[in-house]
Structure formats: structure tokens, C-alpha cells
Colleague: 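Structure in C-alpha cells, see below.
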Amino acid sequence: MNRRIFLTLLGAYFALPLLAALLYSLATRWTDTPLPDGYTLGHWAKLFTKPEVAGALGRSLLLAAVVVAIDILLVVPAAYWSVVHNPRIGSLIQTIAVIPFAIPWVVLGAGIQLVTASVAPQLFHTFWLLAAATAAISFPFMYWAVESALLAAGAVRLSEAAATCGASPAQTLARVIMPAIRGGVVSGSLLVVATAMNEFALAKILVGVSFETLPLWSARQFVSRTLSDPNALAVVTVFTFGFLFALSALVVRLGRGRVTTIGRTLR
């Protein structure tokens, strides 16, 4: 009974703010009553027809896609090498992975800005600087997910079996290891997407209005006295949650696949 009460209270704690945002995104007017005076889909229909909102959403999705690609290309081979060929560097990578959580991202953004201004000024206030910085702070999520998947799949044993069958390291990684750790890669990608789409501090410091993402647009709406639209902010909040929830459901679906056998992947 106590467990059910605790889970009910926990569910209400997380669900009530989202429910309030959903109701506000549909409200025509909400004054001093427990529920809105009326409901409409007009806020949803109107918001994404605005060029600035559509542009901010597109930039956020582009940033998330590029950051995921960077992290997959860099982190998966590094994690594979760490687990299979050189376990001694695992502790070093784990230490590096803690840095984004030990140092505030505002400080990291300020440091990146100062270094870039003096070393590579051509990257200053560019999309690629933001993408690289976001990939750097989100790589721990990808690394931990991939490392766990490698250990769970028995990557050392799979690599030895593949080598016995005559596969090269590149073939082993692409045709044996990647299918076996698909769930870990997809789970890590989801966390990276969530980080990239909701990151505000780095985007504000490194690019600002030159590359306005959805969090930057929301912040501008929130502080503006003339442009503020609370209903639009509620729509963006619910939309972002729904988008990430859909991705989570996709992760669960893709994670149900079984590990491909060595003989089948090496044909």
C-alpha cells in the first residue's frame, strides 16, 4: 500500500505540471477558475505557422542531428577500442566524461568563447562551434550507453570470434559489434538529442541570435514585455515533451531486437 501511495504521489508530481502546460496550450482564457474558461486548438495551429518558430524548430532539429552524428562517429569507435583492445584507458575516459557535470555549462561556454576568439576567430558565433561544444558536453551520455551495451553483448568474445573468422577490425565493428549494440547506440542518441534540443546556456553564449534555437526563442518570449505569448510557450513545452516521448517509444521498440549471430553477420 505504501508503495502504491508513493508511486501515485510521484506520478502526480511529474504529471501535474505537464497537464497544466497542456491545458494552458489549449485555453482560450484562464482566470480565477480551476480549469480554463474555454478550449481551442488555435494556439497550436497558429504557432508553427510563424516563420520564427518554424525556423527555431528547424535549427534545433538540425543541431540535434549533427550532434548525434558527431557523437556516434567519435564515441562508438572510442568505446569499442576502450572495452575490447585497451581497457586501461577506460578510467581516463570515465574521468573526462565527468567534466561536463563538474563544471557549469555557462563556464564551459565562456571558456570556449575566449579560446575560439583567440585561436580560431573564424569559428566565432558559428553553428559548427555550437555543434562541437554541444557534442562535447553530451558525449558522456553516448559513451555510457555504448559502453554498457558493449559489456552486455560480450564485445570481447564477439571480436575474438570475428577475428577467428577472418574479419578485419573495421568489419568486426561495422558488421558484428554495431548490430549487437544497436539498443545502446539508439538510447545514447536519444539522450544526446534531448540535450541538444534543450540546451540554452551554450547556445546563448556561443551563437546568440545568429542561430536562434527553440530554447532561445522561448527565453526571448519569456522575458519580452511586448512579444510574450504564454500560450505559445505552453505549446512549445508540450510539443518538446511529446517529441522526446515519441523518440523514447521508438527506442523501446528498436531495443527489442536480438543480437545478430556471428555467422550471419559475416556472410
Side-chain angles (χ1 to χ4, degrees), residues 17-18 21 24-25 43 47-71 74-75 96-143 188-245 247:
L18 181 62
Y24 205 87
S25 71
H43 303 303
L47 180 66
F48 293 102
T49 59
K50 295 181 179 180
E52 64 271 20
V53 178
L57 175 60
R59 285 186 286 272
S60 292
L61 293 175
L62 174 62
L63 176 64
V66 172
V67 170
V68 166
I70 292 174
D71 277 340
L74 295 181
V75 173
I96 297 174
V98 175
I99 293 177
F101 302 96
I103 302 176
W105 290 358
V106 174
V107 177
L108 289 175
I112 293 172
Q113 186 183 52
L114 292 174
V115 172
T116 304
S118 58
V119 176
Q122 66 275 13
L123 292 177
F124 201 62
H125 282 288
T126 63
F127 163 77
W128 294 108
L129 178 61
L130 175 62
T134 307
I137 65 170
S138 60
F139 97 90
F141 302 117
M142 179 67 73
Y143 178 80
S189 298
L190 172 63
L191 295 174
V192 171
V193 168
T195 303
M197 287 200 63
N198 291 288
E199 173 51 33
F200 170 77
L202 284 181
K204 179 66 175 178
I205 294 173
L206 297 180
V207 292
V209 295
S210 63
F211 191 83
E212 188 178 62
T213 59
L214 207 55
L216 292 180
W217 177 86
S218 299
R220 182 165 60 86
Q221 290 287 316
F222 185 78
V223 300
S224 175
R225 295 183 177 180
T226 57
L227 300 176
S228 180
D229 187 352
N231 297 101
L233 292 175
V235 171
V236 169
T237 300
V238 176
F239 171 81
T240 304
F241 175 83
F243 176 75
L244 295 177
F245 182 82
L247 286 182

Colleague: Spell out, as yes or no, whether a donor-acceptor pair under 3.5 Å connects the side chain of Ser60 to the backbone of Leu214.
Modeller: yes
Colleague: Between Phe239 and Leu47, is there a side-chain heavy-atom distance shorter than 4.5 Å?
Modeller: no
Colleague: Considering only heavy atoms from C-beta outward, does the side chain of Trp217 approach that of Val236 to under 4.5 Å?
Modeller: yes
Colleague: For Ala131 versus Val66, what's the shortest heavy-atom pair and its separation?
Modeller: CB-CG1, 4.0 Å
Colleague: First locate atom CG of Leu63, then atom CZ of Phe211, and finally report the distance between them rounded to the nearest 0.5 Å.
Modeller: 6.0 Å
Colleague: What is the minimum heavy-atom distance between Ala110 and Ile205, and which atoms define it?
Modeller: N-CG2, 4.0 Å
Colleague: Do you know which two heavy atoms are closest between Val238 and Ser25, and how far apart they sit?
Modeller: CG2-OG, 4.4 Å
Colleague: Does Leu129 reach the side chain of Val207, with side-chain heavy atoms less than 4.5 Å apart?
Modeller: no
Colleague: Taking all non-hydrogen atoms of both residues, which atom of Phe200 and which atom of Ala219 are closest, and how far apart?
Modeller: CE1-CB, 3.5 Å
Colleague: How about Leu74 and Phe139: do any of their side-chain heavy atoms sit closer than 4.5 Å?
Modeller: no
Colleague: Kindly indicate whether the side chain of Phe243, heavy atoms from C-beta on, has any atom under 4.5 Å from the side chain of Leu57.
Modeller: no
Colleague: If I take atom CD1 from residue Ile137 and atom CG from residue Leu108, how far apart are they, to the nearest 0.5 angstrom?
Modeller: 7.5 Å
Colleague: Atom CG of Leu216 and atom CD of Gln221: how far apart are they, to the nearest 0.5 Å?
Modeller: 12.0 Å
Colleague: Specify the closest pair of heavy atoms between Trp105 and Pro100, including all atoms of both residues, with the distance to one decimal.
Modeller: NE1-O, 2.6 Å
Colleague: Can you find a heavy atom in the side chain of Gln113 that is under 4.5 Å from one in the side chain of Leu206?
Modeller: yes
Colleague: For a 4.5 angstrom cut-off between non-hydrogen side-chain atoms, does Val67 reach Thr195?
Modeller: no
Colleague: With a 4.5 Å limit on heavy-atom distance, are the side chains of Met197 and Thr213 in contact?
Modeller: no
Colleague: Do you know which two heavy atoms are closest between Leu233 and Ser218, and how far apart they sit?
Modeller: CD2-O, 3.5 Å
Colleague: More than 12 foreign heavy atoms under 6.0 Å from CZ of Phe101: is that the case here?
Modeller: yes
